[in-house]
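A short write-up of the structure that comes next.
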Amino acid sequence: MRLIEKDDEAPALCEGRHLRILSLIRRIPPGRVCTYGRIASAAGLPRRARLVGRILRDSPLADGVPWHRVVGAGGRVSRRRGSGAQEQRNRLLAEGIEFEDCDRIDLSIYLWEP
DNA sequence: AGTTTGACTAATG
DNA sequence: GCATTAGCCAAAC
């Protein structure tokens, strides 16, 4: 039996975590949103909200996931590089989501929980 | 190998 | 409300 000499299994574990998070995001229905923190908790990773954002930003596996339906706690669209935030706003508006005070989403209406 | 950097969040003043 | 702090930790530098 071959001993594990290197860390060639670690990436698979990371990838599993990524996939678990991404598959949750995929389940958010159109016209609804979820938060980074809730996605993380639902994936069994409480207090790992930053990981969710980082995956959406970096992972090549994030192709095709409705990233625009993930918002910050309190229903705010997170800042980021480029015009992604505006794009997210547009997509959410296109799905019928209304903003309050021009920048906040009412989670009591639009929040989707896994 | 140590430090910095975030698509985050809850708590506190 | 806004600023700060602390917790979080994988990637990038």
Side-chain angles (χ1 to χ4, degrees):
Chain A
M1 166 177 181
R2 187 174 67 85
L3 296 176
I4 299 174
E5 299 177 3
K6 304 207 170 195
D7 53 337
D8 49 2
E9 282 194 326
L13 294 176
C14 288
E15 182 172 304
R17 266 190 332 205
H18 290 205
L19 292 175
R20 205 156 64 248
I21 288 172
L22 291 171
S23 73
L24 255 73
I25 298 175
R26 263 187 261 270
R27 291 169 46 195
I28 307 176
R32 310 289 297 281
V33 298
C34 194
T35 67
Y36 297 97
R38 282 174 179 277
I39 292 291
S41 292
L45 301 163
R47 290 182 296 285
R48 302 293 307 278
R50 297 191 92 124
L51 180 61
V52 176
R54 206 173 59 70
I55 288 171
L56 287 178
R57 186 191 63 191
D58 295 337
S59 177
L61 283 54
D63 189 37
V65 311
W67 55 270
H68 57 285
R69 299 183 189 133
V70 184
V71 300
R76 288 183 174 284
V77 172
S78 299
R79 299 201 64 166
R80 71 198 68 179
R81 295 221 177 89
S83 58
Q86 185 61 53
E87 169 70 11
Q88 181 170 20
R89 241 189 90 92
N90 292 338
R91 291 191 183 213
L92 293 175
L93 286 169
E95 293 187 352
I97 290 177
E98 296 183 10
F99 285 74
E100 300 189 349
D101 304 329
C102 299
D103 64 348
R104 208 169 41 258
I105 293 169
D106 188 343
L107 293 181
S108 71
I109 299 175
Y110 298 107
L111 178 69
W112 174 84
E113 310 197 55

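Throughout, a chain's letter reflects where its sequence line sits, starting with A, and its residues are numbered from 1. Only heavy atoms go into these numbers, but all of them, side chains included; no hydrogens, no water, no symmetry mates.
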task = Give the intermediate values and the outcome of salt bridge (Lys or Arg N to Asp or Glu O under 4.0 Å) for residues A:Glu95 and A:Arg91.
result = CA-CA 6 Å; A:Glu95 293 187 352; A:Arg91 291 191 183 213; over 6 Å; no

Test side-chain contact (heavy atoms from CB on, under 4.5 Å) applied to A:Leu93 and A:Phe99, step by step = CA-CA 8 Å; A:Leu93 286 169; A:Phe99 285 74; 3.7 Å; yes

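A:Ile25 and A:Leu51 end up in the same hydrophobic cluster when Ile, Leu, Val, Met, Phe, Trp and Tyr side chains are linked at under 4.5 Å. If you chain together hydrophobic residues whose side chains sit under 4.5 Å apart, A:Ile39 and A:Ile55 fall into the same group.
Annotation: side chain of A:Ile109 is not in contact with side chain of A:Glu98 (no heavy-atom distance under 4.5 Å). The shortest side-chain heavy-atom distance between A:Arg54 and A:Ser59 does not fall under the 4.5 Å cut-off.
In this structure, CD1 of A:Ile28 is placed 13 Å from C1' of B:dA7, rounded to the nearest angstrom. Residue A:Ile39 contributes atom CD1, which lies 15 Å from atom C1' of B:dT9 at whole-angstrom precision. The nearest whole Å value for the distance from the CD1 atom in A:Ile21 to the C1' atom in B:dA7 is 13 Å.
Distance check, rounded to the nearest 0.5 Å: CG of A:Leu56 to CZ of A:Arg80 gives 8.5 Å. Expressed to the nearest 0.5 Å, how far CD of A:Glu113 lies from OG1 of A:Thr35 amounts to 8.5 Å.
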inquiry  = Within the 4.0 Å limit for protein heavy atoms, which parts of nucleotides 6-13 of chain C are touched? Write it as a string from 5' to 3', B for base, S for sugar-phosphate only, - for none.
reply    = -BBSSS--

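Of all the residues in residues 77-89 of chain A, not one reaches under 4.0 Å from DNA chain C with any non-hydrogen atom.
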